[in-house]
Amino acid sequence: MKKLGLGLLLMVLFVIGAALLFQEQIGERLFAGAVESAVTRDVIGDLPEGMHVALCGSGSPLPDPTRAGPCSAVIIDGKLFIVDIGGGAVRNLGLMGLNPGATEALLLTHFHSDHIDGMGELMLQRWAGGGRDAPLPVIAPEGVDAIVDGLNAAYAADVQYRIAHHGEATMPASGAGGAARPFTFPEGQEQMVVYDKHGIRITAFSVAHKPITPAVGYRFDYKGRSVVFSGDTVKLPVVANICNGCDLLVHEVLNAKMVGTLETAFEKAGRKRLVKIMADIPDYHTTPVEAAETAKDGKAKMLVFSHIVPALPLGYLDAYFMKGANAAYDGPIVLGKDGRLFSLPANKDSIEQGSLL
């Protein structure tokens with residue numbers, strides 16, 4: 001027995017020694033293999049027919065080491081739609097195997113900084129990685145023109161640098177930046193179709209996130225499947241009404257009690273500005289229980305929480321964050337995490353779950 005143990009120890013030491021001795025050669029092979037795997041990965045092309053929702057960012061403005069800023073990706077028939085684009089979300093798209101070059105359009109729910117601060121990076125990556133000859137369409141409520149124009153101006157020098165370096169054939173000037181596609185609800189209406197092509201219909205609807213206005217949510221429909229994104233809002237009947245039996249309801253959530261704990265901590269630390277902010281933010285968001293009630297009223301088949309406030313650095317906190325939600329809605333509830341994938345096969349009822357991270 002002792003000889004066997006000694007033999008195993010010697011073998012382990014030999015393997016460690018070989019790994020150190022040939023570290024450069026092994027590293028070269030490992031890197032080449034990882035690069036080949038990453039470059040040939042085609043998540044979008046491998047997905048079956050239907051609608052697929054991936055969380056490219058499930059966080060909020062509050063620092064969270066496990067979550068990028070608000071971002072949801074909808075993949076339909078090889079086309080990639082992005083709903084909001086928070087900080088770090090574009091990096092997540094790359095890690096998830098979702099090529100930003102495939103982006104058909106970016107849809108914004110409103111213009112809070114945490115929902116738009118990844119736009120410049122998305123525009124660049126779509127242009128560089130997609131060989132596009134037209135800018136990224138940015139579908140959003142009225143007021144988006146100024147934001148897109150500002151980003152185009154901010155990146156104007158960078159665009160010229162890249163064309164000069166890589167050439168017009170690789171980086172066509174006509175494909176750089178974004179193109180605003182603003183919409184305004186018709187008089188007396190709170191919803192309207194903002195995209196209707198290739199059997200894909202996207203409907204925008206008004207929500208309440210005052211003093212931020214306009215603020216909207218979106219419903220996607222494709223081959224009998226439907227997904228609703230609430231956008232940032234207080235609890236509203238319109239979200240349940242537009243869901244109306246939707247397959248997936250992706251709803252923003254804020255745990256008011258946990259934010260209250262943060263407020264108390266900032267008070268003790270003498271950080272008055274943050275005390276005021278923590279006191280203010282619950283009045284324009286939805287609690288987990290309220291979102292669950294909306295899912296019940298809207299007869300959603302599955303509820304997904306995103307735009308998680310506050311940050312949850314430990315998975316052990318999840319149950320506390322969701323306290324009371326399962327009692328308010330008897331369907332499945334998923335606490336969103338970056339990389340989570342929800343697949344809705346065309347003309348079926350099933351919802352399949354997975355992860356791209």
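Remember, it's a predicted structure, so these values are computed and weren't measured experimentally.
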Checklist entry - Should Y195 and T203 be marked as a side chain to side chain contact (heavy atoms under 4.5 Å, CB included) after you check the CA-CA gap, both sets of side-chain angles, and the distance that decides it? => result CA-CA 7 Å; Y195 184 98; T203 304; over 6 Å; no
Next on the checklist: Are F305 and Y284 linked, directly or through intermediate hydrophobic residues, by side-chain heavy-atom contacts shorter than 4.5 Å (ILVMFWY only)?
Outcome noted: no
Checklist entry - Side chains of E142 and T184: do they bring a donor and an acceptor to under 3.5 Å? => result yes
Checklist entry - Nearest 0.5 Å, what's the CG-CD distance between L274 and E263? => result 11.0 Å
Item to check | E121/R91 ion pair, N-O < 4.0 Å | outcome: yes
Checklist entry - Hey, quick one: are L107 and L80 part of the same hydrophobic cluster, counting side-chain heavy atoms closer than 4.5 Å, chains of contacts allowed? => result no
Checklist entry - With the threshold set at 4.0 Å, does a side-chain nitrogen-carboxylate oxygen contact exist between R219 and D221? => result yes
Item to check | Ring centre gap for H209 and H285 strictly below 6.0 Å | outcome: yes
Checklist entry - Are K337 and D318 close enough for a salt bridge, meaning some N to O gap below 4.0 Å? => result yes
Checklist entry - So do L108 and D84 actually touch side chain to side chain, heavy atoms under 4.5 Å? => result yes
Checklist entry - Strictly under 6.0 Å, is that where the ring centroids of F220 and F229 end up? => result yes
Next on the checklist: Hydrophobic clustering (ILVMFWY, side-chain heavy atoms < 4.5 Å, transitive) - are F81 and I139 grouped together?
Outcome noted: yes
Checklist entry - With respect to S343, which candidate in H52, E352, Q353 satisfies the side-chain hydrogen bond (donor to acceptor under 3.5 Å, both in side chains) definition? => result H52
Checklist entry - Between R126 and T103, do the side chains contain an N or O donor and an N or O acceptor separated by less than 3.5 Å? => result no
Item to check | Side chains of H307 and D232, donor plus acceptor under 3.5 Å | outcome: yes
Item to check | Geometric class of the H112/H110 ring pair [parallel <30°, tilted 30-60°, perpendicular >60°] | outcome: perpendicular
Checklist entry - Within a radius of less than 6.0 Å around CD of Q189, do more than 12 heavy atoms belonging to other residues, nucleotides or ligands occur? => result yes
Checklist entry - Would you say the side-chain atoms of D133 and S174 include a donor-acceptor pair closer than 3.5 Å? => result no
